[in-house]
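Shown next, in structure tokens, is the structure this report addresses.
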There are 2 protein chains.
Amino acid sequence: MSAADGVDPTPDQTTPRVSDATVGRLPVYLQGLLGLAGDGEASVSSEALAEIAAVNPATLRRDLAGIGITGTRGVGYDVKYLVHEISVVLGLNQAWPVIIVGVGNLGRALANYEGLTTQGFPVRALVDVDPDVVGTSVAGVVVEHVDDLSKVVDRDEIAVGVIATPASAAQAAADELIGAGLASLLNFTPVQITTPPHVQVRGVDLATELQILSFYQQRSTAAASGTGVPLGAEHAPDSTDDAS
Amino acid sequence: MSAADGVDPTPDQTTPRVSDATVGRLPVYLQGLLGLAGDGEASVSSEALAEIAAVNPATLRRDLAGIGITGTRGVGYDVKYLVHEISVVLGLNQAWPVIIVGVGNLGRALANYEGLTTQGFPVRALVDVDPDVVGTSVAGVVVEHVDDLSKVVDRDEIAVGVIATPASAAQAAADELIGAGLASLLNFTPVQITTPPHVQVRGVDLATELQILSFYQQRSTAAASGTGVPLGAEHAPDSTDDAS
DNA sequence: TTCTGTGAAATAGTTCACAGCG
DNA sequence: CGCTGTGAACTATTTCACAGAA
């Protein structure tokens with residue numbers, strides 16, 4: 001029983017089978033490595049890089065071994081080589097043009113975020129529904145109408161769709177992006193969008209992140225002060241107000 | 001992380017020990033439940049909610065049981081009750097005032113994002129280093145100088161610090177926030193910041209998310225087209241065939 | 001000697017499957 | 001009956017610990 005789900009005459013071999021957990025850490029390693037490279041470091045030990053990435057050294061070594069990266073015993077890993085290899089594994093040796101749907105506050109901020117372009121995700125297109133916004137230029141890109149989305153995706157060879165619409169329009173935006181042939185979406189709205197299985201969606205939701213922080217903060221405060229109410233602010237529970 | 005390691009005279013009992021995996025899903029359930037509540041639904045089965053949240057029903061039931069939430073056999077879970085209980089567990093029955101450090105494009109977008117305030121994370125303070133920005137008003141909040149950060153945190157009873165500075169200033173911002181007594185940080189820069197163990201940091205990094213998307217997109221494209229180069233763009237990197 | 005690569009053990013998390021309450 | 005709550009099996013991931021390459 002290979003890992004394949006359904007019927008697959010070609011079990012694997014072509015598939016190195018990198019675990020999701022590993023994939024999630026690769027960008028962290030890469031980030032740390034870029035810092036080291038900037039400092040002129042030629043090699044790193046798994047221990048040093050693990051510290052930077054805040055993981056266990058064994059985990060790091062296993063991750064690297066798992067994607068076929070090998071170091072030198074007694075020495076460590078070659079920084080430049082590592083950067084290159086991880087980049088290849090992540091697919092960063094090529095550009096992945098991005099379209100942003102929804103040019104409000106957030107969309108505008110994203111369009112202006114140069115980290116995107118410099119990291120290989122050039123913002124090639126912006127679309128919105130608002131006629132007042134369509135035609136304006138943001139970060140050097142002219143905003144087009146969302147009705148032309150499919151055409152635009154095709155024309156600009158877009159690879160990734162970013163959803164920065166109001167929550168109410170998120171599902172529609174996703175549907176259109178998928179209809180245009182995209183299989184990689186990044187959803188900035190707080191709603192869960194549903195997609196066919198071949199589409200990869202990742203969500204970046206502020207509220208979610210904050211709620212998780214809130215949980216841990218509450219827990220640690222409670223632990224510290226016995227039966228703690230956090231901070232100085234004492235808002236008695238109750239009030240489940242917005243049952244919306 | 002770092003739950004009790006070695007010596008702990010009081011093993012637990014006070015600590016319900018909710019798993020990280022569960023905590024990460026609670027906001028998703030909550031989101032789905034709010035939608036159901038909005039539709040006027042009075043109760044849900046684990047199956048229905050699991051579908052909305054895209055998880056296995058057993059996982060959902062276990063999560064809920066794990067935080068002490070109980071349903072009614074043969075019926076399901078009471079929506080309003082669930083919303084309330086999850087909110088309490090996440091600590092959402094109180095407000096967690098937020099400070100944003102760095103009022104650039106991103107900081108401004110975050111400050112204007114009303115989702116924050118409506119979900120119990122009011123943006124109470126903004127600080128920046130730029131004298132041109134200090135004194136201006138963004139989203140109804142006057143930007144103060146970062147030198148006053150500690151004072152501001154104290155005055156406004158801030159609970160969460162959001163780092164929206166340029167990457168180069170991220171660590172310094174984190175240090176100041178921690179120095180001001182905060183234990184919950186949300187880092188929007190692409191750099192890994194280091195903090196003492198009692199501080200919870202969560203990162204929302206666009207590049208990381210996109211790199212992960214890139215990986216999966218590349219994998220699926222490769223799988224689909226045999227030996228695939230993705231999309232129409234054919235950037236043959238140099239053959240990085242393994243070097244093992 | 002140092003530091004990788006990896007069996008093997010330990011942990012964590014998921015999912016099945018079903019007893020049993022309402 | 002339908003659907004929860006959970007033992008038990010299973011799968012995934014982490015971590016230890018150490019053999020062995022450079």
Side-chain angles (χ1 to χ4, degrees), chain A residues 1-5 11-12 15-26 28-29 33 36 41-79 81-82 85-86 212, chain B residues 1-6 8 11-12 15-26 28-29 33 36 41-79 81-82 85-86 212 216 242-244:
Chain A
M1 348 23 273
S2 4
D5 326 58
D12 48 87
T15 331
R17 192 81 358 184
V18 182
S19 86
D20 289 353
T22 295
V23 174
R25 282 185 296 261
L26 291 180
V28 181
Y29 301 154
L33 286 163
L36 289 170
E41 299 291 336
S43 73
V44 241
S45 65
S46 63
E47 190 174 349
L49 183 53
E51 161 123 32
I52 292 172
V55 302
N56 181 293
T59 298
L60 170 49
R61 291 200 296 275
R62 214 172 264 286
D63 282 340
L64 296 181
I67 57 176
I69 294 179
T70 164
T72 308
R73 290 174 195 235
V75 180
Y77 297 86
D78 184 78
V79 173
Y81 171 67
L82 254 192
E85 287 304 301
I86 293 180
I212 293 173
Chain B
M1 348 349 194
S2 78
D5 311 64
D8 196 336
D12 48 88
T15 331
R17 193 82 356 189
V18 182
S19 87
D20 289 353
T22 295
V23 174
R25 283 186 295 261
L26 291 180
V28 181
Y29 300 154
L33 286 163
L36 289 170
E41 300 291 335
S43 73
V44 240
S45 66
S46 63
E47 190 174 350
L49 183 53
E51 161 123 31
I52 292 172
V55 301
N56 180 293
T59 299
L60 169 49
R61 291 200 296 275
R62 214 172 264 286
D63 282 340
L64 296 181
I67 58 177
I69 293 178
T70 164
T72 308
R73 291 175 196 237
V75 180
Y77 297 86
D78 183 77
V79 172
Y81 171 67
L82 253 193
E85 287 305 301
I86 293 180
I212 293 173
Y216 287 112
D242 58 289
S244 46

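The basis for the numbers below is simple: all heavy atoms, side chains too, and nothing from hydrogens, waters or symmetry mates. In what follows, every chain begins at residue 1, and chains take the letters A, B, ... in the order their sequences are listed. Being a predicted model, the structure only gives us computed values, none of them experimental.
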B:Ile86 versus B:Tyr29, closest heavy-atom pair with distance: CD1-CB, 4.0 Å

Under 3.5 Å, side-chain donor or acceptor atoms of residues 64-78 of chain B against the rest of the protein: list the pairs with distances, not counting sequence neighbours.
unit_1: B:Asp78; atom_1: OD2; unit_2: B:Lys80; atom_2: N; d: 3.4
unit_1: B:Asp78; atom_1: OD2; unit_2: B:Tyr81; atom_2: N; d: 2.9

Given D:dC16, C:dT15, D:dT13, the nucleotide with the shortest approach to the side chain of B:Asn56: C:dT15

Which residue pairs pass the side chain to side chain donor-acceptor pair (under 3.5 Å) test with at least one member in residues 42-56 of chain B, sequence neighbours excluded? B:Ser46-B:Arg61

Rounded to whole Å, please give me the gap between CG in A:Asp78 and P in C:dT4. 13 Å

First locate atom CG of B:Leu36, then atom CD1 of B:Ile52, and finally report the distance between them rounded to the nearest 0.5 Å. 4.0 Å

Using the test side chain to side chain contact (heavy atoms under 4.5 Å, CB included), find all partners of A:Val28 that sit at least two apart in sequence or belong to another chain. A:Ala53, B:Gln192

To the nearest Å, how far apart are A:Asp63 CG and D:dT15 P? 11 Å

From CG of A:Leu60 over to P of C:dT6, roughly how many Å is that when rounded to an integer? 14 Å

Which nucleotide wins on minimum distance to the side chain of B:Tyr77, given the candidates D:dT13, C:dT14, D:dT4? D:dT4

Scanning both residues in full, the closest heavy-atom pair of A:Arg25 with A:Val55 reads CD-CG1, 3.8 Å

Non-hydrogen atoms of B:Val79 and B:Leu33 that approach each other most closely: CG1-O, 3.9 Å

Without decimals, in angstroms, what is the distance between B:Arg25 CZ and C:dG13 C1'? 8 Å

The side chain to side chain contact (heavy atoms under 4.5 Å, CB included) partners of B:Arg62 (sequence neighbours excluded) come to none

Let's see if you get this right: which residues in residues 45-54 of chain B place a heavy atom under 4.0 Å from DNA chain C? none

So what does B:Thr22 hit on the nucleic acid, given a heavy-atom distance under 4.0 Å: a base, only sugar-phosphate, or nothing? nothing

With a 4.0 Å limit, can you tell me whether A:Thr59 has a side-chain N or O closer than that to the phosphate oxygens OP1/OP2 of D:dT15? yes

Side chain A:Arg62 and base D:dT14 donor-acceptor under 3.5 Å: no

At a cut-off of 3.5 Å, list every protein nitrogen or oxygen paired with a nitrogen or oxygen from nucleotides 17-22 of chain C, distance to 0.1 Å.
unit_1: C:dA17; atom_1: N6; unit_2: B:Arg61; atom_2: NH2; d: 3.2

Could you tell me how far apart A:Leu82 (CG) and C:dT4 (P) are, to the nearest whole angstrom? 10 Å

Starting at CG of A:Leu64 and ending at P of D:dT14, how long is that distance when rounded to a whole Å? 13 Å

